[in-house]
Enquirer: 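Attaching a single structure in C-alpha cells format; questions to follow.
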Amino acid sequence: MTAINRPEGHIAELTARMRSFIDEEVIPQEPALAADDDAARASLDRLRERAKGLGLWALGHPAELGGGGLPFLDFVYLNEIIGRSEFGQLAVGSVSMQDTLMLHRHGTDEQRRRWIPPMVAGDILPSVGLTEPEVAGSDPTLIATRAELHGDSWLINGHKWFTTGVAQAAYCTVFARTEPDSVPRHARISAIIVPTDTPGFEIVRSIPTMGHDPSDHYEVRLTDVRVPAANLLGERGRGFTVAQDRLGAGRIFHAMRWLGQAQRAYELMCDRANSRFAHGSLLADKGEIHRYIAESAAEIHAARLMTLDAARAMDAGADHRVRVGLVKFWGARMLHNVVDRAIQVHGALGLTADTPLERMYRQARYARIYDGPDEVHRMSTARRLLRSPEAAPWR
C-alpha cells in the first residue's frame with residue numbers, strides 16, 4: 001500500500017490513537033453532547049482534557065503557535081478520523097485552526113498576542129461574520145455592512161446571519177464595506193475584529209435549521225459598533241484576500257472531515273446489510289444493495305484520493321485552487337450520496353434518531369452550501385480550467 005493511501009511512520013501511530021479516542025470516547029458521548037446543555041458542556045470539557053492528555057490536541061495548528069505543526073497531508077489522515085463525529089473538532093481543538101491561520105498570516109503582532117494563544121489552548125472560540133440575509137451569500141462583493149473610520153476607531157453598522165458559534169465566541173471577524181463604490185468591487189471590503197462584548201453587537205437569535213432549534217448558526221445586528229482602528233485585520237480593502245485565505249483552507253478541512261462521516265455511514269450501511277433479513281435473504285444478498293455498496297466505496301475512494309492530492313499540493317506550495325475547488329463540490333455530493341444510501345438500507349430505522357444517520361444527513365445537506373455553494377465552485381473551477389487547461393490536476 002503506497003503512502004497516499006495509508007499513513008506511514010509516526011503518523012500511523014497517531015492516527016491509531018486518534019481513531020481509538022474518537023470511536024471509543026467521543027462517539028459514545030454524541031447523544032449527550034447533542035443536548036447542548038450544561039451537562040453537554042461538562043462532557044465536552046472532559047473530552048478536551050482527555051485529548052490533551054493523549055497528545056491529540058490542536059495537531060494541525062502551527063508548531064510555533066503551540067500546535068502540533070502537522071503538514072496538510074498528514075492532517076488529512078487525522079481529520080478524516082476526527083470527522084467521524086460532528087463533535088470531533090471541538091473535542092480535539094481543531095475547530096479554531098482556520099481562524100488561527102488567518103490571524104497568523106494577516107494579523108498584527110498585538111492581534112496575534114491577544115487572540116492566538118487562548119484560541120490554540122481552547123480557552124476561547126472565534127467566529128466570522130460574512131453572510132448577510134439581504135444579499136446573496138454566494139457573491140460576497142454584495143456585502144452591505146458598512147464600517148466607517150472616525151478618527152482612531154471604526155464605526156460599524158450591518159446585519160449578518162449564519163454567524164456560526166458566535167454566541168460562544170470571544171470575537172467575530174466582521175467583513176464590511178469600507179471603500180467607496182469608485183474602487184474595484186473586490187477591493188471594497190475589509191476584515192475587522194470585533195469582540196462580541198462590544199456595545200451594539202447584538203445576537204438576535206439562533207436560526208432554526210433543518211431540525212436544529214436552537215442551532216449553532218446565529219443572526220447578528222451591529223448598531224453603531226465602535227472598535228479601535230487597530231482592529232483592522234490585514235490591509236484596508238483587502239478583505240477578500242483575508243477571506244479567501246481562510247475559506248480556501250476551510251474547504252479542504254471540510255473535505256477531510258466529510259471522508260470520516262462518509263466512511264462511518266458506509267460502515268453502518270454494510271453492518272445493516274449483513275444483518276437484516278427480508279424477502280427470503282439478507283439485504284447483503286440483493287443486487288440493488290450491491291450497487292449501493294460498490295458506488296459508495298468508489299465515491300469515497302475517489303474523494304479521498306482527490307483530498308490527499310490537494311493536501312500534497314498545498315504542502316508543496318503549488319497552486320492548489322483547482323484541486324480544492326474540485327474536491328469541495330465532489331466531496332459534498334459524495335457525502336450526501338453515501339449517507340442517503342445508508343439511510344435507505346436502514347429503512348424506517350434510518351429516519352429515526354436511534355442511529356446517527358438522520359443527523360448526518362442534515363449535516364450532509366449543509367455541505368453543498370456552506371463555504372460557497374456547489375454551483376459557484378463548479379463555475380469558478382471551470383473558468384480556471386478553460387483559461388488554463390494545463391491546470392488540470394493530472395497534468
Enquirer: Should Arg304 and Glu80 count as an ion pair when the cut-off is N to O under 4.0 Å?
Expert: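 Yes, this pair counts.
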
Enquirer: With sequence neighbours left out, write down each residue that passes side chain to side chain contact (heavy atoms under 4.5 Å, CB included) with Ala332, or none if nothing qualifies.
Expert: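 Ala332: side chain to side chain contact (heavy atoms under 4.5 Å, CB included) contacts with Trp258, Ala367, Arg368, Asp374.
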
Enquirer: Kindly compute the distance separating CD1 (Ile203) from OG (Ser127), expressed to the nearest 0.5 Å.
Expert: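 Separation between the atoms: 8.0 Å.
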
Enquirer: Under 3.5 Å, is there a donor-acceptor pair between the side chain of Arg362 and the main chain of Met210?
Expert: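 Indeed, once roles are kept as given, a pair shorter than 3.5 Å links the two residues.
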
Enquirer: Hey, what do you get for CZ (Phe253) to CE (Met97), rounding to the nearest 0.5 Å?
Expert: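 Result: 3.5 Å between the selected atoms.
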
Enquirer: Closest heavy-atom contact between Leu47 and Glu25?
Expert: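 Taking every non-hydrogen atom into account, CD2-O, 3.7 Å.
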
Enquirer: In plain terms, say whether Arg312 and Asp315 are close enough for a salt bridge, that is, a side-chain N and a carboxylate O under 4.0 Å apart.
Expert: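 Answer for the salt bridge query: no.
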
Enquirer: Treat each ILVMFWY residue as a node, draw an edge where side-chain heavy atoms are under 4.5 Å apart, and state whether Leu44 and Val95 are in one component.
Expert: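 Yes: a chain of side-chain contacts under 4.5 Å links Leu44 to Val95.
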
Enquirer: Got a sec, which residues hit side-chain hydrogen bond (donor to acceptor under 3.5 Å, both in side chains) with Asp216, two or more places apart in sequence or on another chain?
Expert: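 side-chain hydrogen bond (donor to acceptor under 3.5 Å, both in side chains) check on Asp216 returns nothing, list empty.
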
Enquirer: To the nearest 0.5 Å, how far apart are CZ in Phe277 and CG in Asp285?
Expert: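 If we round to the nearest 0.5 Å, Phe277:CZ and Asp285:CG are 9.0 Å apart.
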
Enquirer: Any carboxylate oxygen within less than 4.0 angstrom of a Lys/Arg side-chain nitrogen, looking at Glu110 and Arg113?
Expert: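 Salt bridge present between Glu110 and Arg113.
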
Enquirer: Taking Arg188 for the side chain and Val183 for the main chain, is one N or O donor matched with an acceptor at less than 3.5 Å?
Expert: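 Yes, the answer is positive, given that a donor and an acceptor are paired below the 3.5 Å cut-off.
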
Enquirer: May I ask you to test the Leu268-Tyr266 pair for a side-chain heavy-atom distance under 4.5 Å?
Expert: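 Heavy-atom side-chain distance check fails, nothing below 4.5 Å.
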
Enquirer: Just one of Arg84, Arg17, Arg264 clears the salt bridge (charged side-chain N to carboxylate O under 4.0 Å, His left out) bar with Asp23, so which one?
Expert: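 Single salt bridge (charged side-chain N to carboxylate O under 4.0 Å, His left out) partner of Asp23 among Arg84, Arg17, Arg264: Arg84.
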
Enquirer: Indicate yes or no: at least one non-hydrogen side-chain atom of Tyr218 is less than 4.5 angstrom from one of Val204.
Expert: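 Tyr218 vs Val204: side chains apart.
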
Enquirer: Counting N and O atoms only, with roles assigned by atom type, does the side chain of Thr15 sit under 3.5 Å from a partner on the main chain of Ala12, one being a donor and the other an acceptor?
Expert: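 The answer is yes, because a donor-acceptor pair under 3.5 Å joins these two groups.
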
Enquirer: Just how far is it from atom CZ of Phe201 to atom CG of Leu222, taken to the nearest 0.5 Å?
Expert: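 Going from CZ on Phe201 over to CG on Leu222, the span is 5.5 Å.
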
Enquirer: In terms of side-chain geometry, is the basic nitrogen of Arg185 or Asp181 positioned less than 4.0 Å from the acidic oxygen of its partner?
Expert: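 Between Asp181 and Arg185 there is no salt bridge, as every charged N stays at least 4.0 Å from the carboxylate O atoms.
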
Enquirer: Short question: side chain of Ser296, backbone of Arg341 - any donor-acceptor pair under 3.5 Å?
Expert: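 No, because the side chain of Ser296 does not come within donor-acceptor range (under 3.5 Å) of the backbone of Arg341.
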
Enquirer: Are Lys328 and Asp371 within salt-bridge range, i.e. N to O under 4.0 Å?
Expert: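 Judged by the 4.0 Å cut-off on N to carboxylate O distance, Lys328 and Asp371 do not form a salt bridge.
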
Enquirer: Should the pair Glu219-Arg205 be classified as a salt bridge under the 4.0 Å nitrogen-to-oxygen rule?
Expert: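 The answer is yes: the pair qualifies as a salt bridge.
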
Enquirer: Using the six-membered ring wherever Trp is involved, compare the ring planes of His336 and Tyr361 and label them parallel, tilted or perpendicular (cut-offs 30° and 60°).
Expert: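 Because their plane-to-plane angle lies in the 30° to 60° range, the rings of His336 and Tyr361 count as tilted.
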
Enquirer: With rounding to the nearest 0.5 Å, note down the distance linking CG in Leu326 to NE2 in His377.
Expert: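 Spacing of CG (Leu326) from NE2 (His377) equals 11.0 Å.
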
Enquirer: Name every donor-acceptor pair, under 3.5 Å, that has one atom in a side chain of residues 384-395 and the other anywhere in the protein, sequence neighbours excluded.
Expert:
none

Enquirer: May I ask you to check whether Thr164 and His217 show a side-chain donor-acceptor distance below 3.5 Å?
Expert: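 There is such a pair (donor and acceptor under 3.5 Å, judged by atom type) between the side chains of Thr164 and His217.
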
Enquirer: Please report the shortest heavy-atom distance between Ala176 and Ile143, naming the atom on each side.
Expert: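 Heavy atoms of Ala176 and Ile143 come nearest at CA-CG2, 4.2 Å.
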
